[in-house]
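No hydrogens, no waters, no symmetry mates; every other heavy atom, side chains included, goes into these values.
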Amino acid sequence: MDFDFSGPQPLFVQVADQLRAGIASGALPEGEQVPSTTEISRTYTINPATVLKGMTMLVDEGLLEKRRGLGMFVVPGAMERLRREERERFERDCVTDLVAEARRLGIGCQELIGLIEKGYRQ
Amino acid sequence: MSLSVTALTKQYGGSTALNRLSVTFEPNVIYGLFGRNGAGKSTLLGCIGNRLIPDTGRIVLDGEPLAECERLMARVYLANERLPWWDGVTLSAMLADCAHMDGRFDLGLARELVARFGLSPDAVYGRLSLGQRTMARMLIGLCMPVDYLFLDEPTTGLDPVNRRLMVEAVLEAYRRRSRTIVIATHEIAEFADILERAVIIDQGRRIDSFEVQDLCSHAALLVGPSDVVRAYAAGRGLRVLDVEHRGDSVSALVGMVSASEPEGGASASVAASSGFITGGLPDGVRARTPDLQTYMTRLVQRRH
């Protein structure tokens, strides 16, 4: 995890974002336990209540589940769901912006595809 | 279950250090207590720690007056610039005394912190440097088996590395034994990430208290043309707390803070303002959340 302590996002939102990224990448596997609030609190010197607030966001989103007395676990299917959401977000935000910027610069569709292919080769 | 201070007043000669100050500290929460020099932080903590006698007002722990009860006083500890007892003894003798007085003193953590801060257990307290004496007094406080721990300026004289170690030590002590810890400090940025709530006092009164993580729904900085910013703030019912002029535009600190209502009016109305900076801003106006230090500084800088 990598926190931007001076960033505009509240720390608990960053905790939630980092956990989401971990689930999406498979670093936090489905069905397995995520690091405890205590562990995250100690490692990053963050108030445990703040860490818990971030985790609770993911519980509310149905990505983590709390097992009484055991801790927080990644819900099966969470990775697939996050990846699908990420792809949707990519299309909605990044592609739209890219095409708008290309239009502004007078770059046509074929030329843009060419540039993307070049980017992939690098 | 809480430690609550009601209408506390304390005067020194002709000057008022605390002016009917009221604040409640809930169990198991880490608080930051902020205010300018002379705002009344140390006087407040001195009264709670039974080192100062308030003129009027009440300090109550779990419903009972604190100062009249030894059993309740044993649940509160204040670590400030004074050493409450001992003189001319070594650190290890001080720790042994603490453990002897109360078997629940966390001697293990105390020894660990002495090592982590690079202090010598055989050093005589009075011969330590300013920063080392601070570390010794604070680490003793962190190991006291109390429910309400007050740390007054825990980083006085500490170098940047030791300041970081102090922040970690506070969190480590809190993990080992959950309790309320109130940190009066000017090193706001240093402590911000380990705080759950903040209390700001000014001229002997509490002017604000809020959840640190909810600062984004408590206050915002609006930057833009002066008249547009002011009209927007007025239209949304936001209180303009401070204005800095930057050429043709202004940077305005706005919030739901109610400076004239010290009795919880501020925190009660926070929910109503939640997300106010995301709602359609007028053209030319940008909004962002201030960091804790910027918020505190701008909140108190023009009040005198």
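- Per-residue heavy-atom pair counts under 4.5 Å with chain A were compared for B:V212, B:L215, B:L171, B:N28, and the maximum is reached by B:L171.
- When heavy atoms are compared at a cutoff of 4.5 Å, B:E211 does not approach chain A at all.
- No more than 12 heavy atoms of other residues, nucleotides or ligands shown are found within 6.0 angstrom of CZ on A:R103.
- A donor-acceptor pair shorter than 3.5 Å cannot be found between the side chains of B:S217 and B:D214.
- Across all non-hydrogen atoms, the minimal contact from B:Y31 to B:V199 is CD2-CG2, 4.1 Å.
- In terms of non-hydrogen atom pairs under 4.5 Å with chain A, the most contact-rich of B:I30, B:L195, B:V167 is B:L195.
- Residues A:E30 and A:E80 come closest through the heavy atom pair OE2-N, 3.8 Å.
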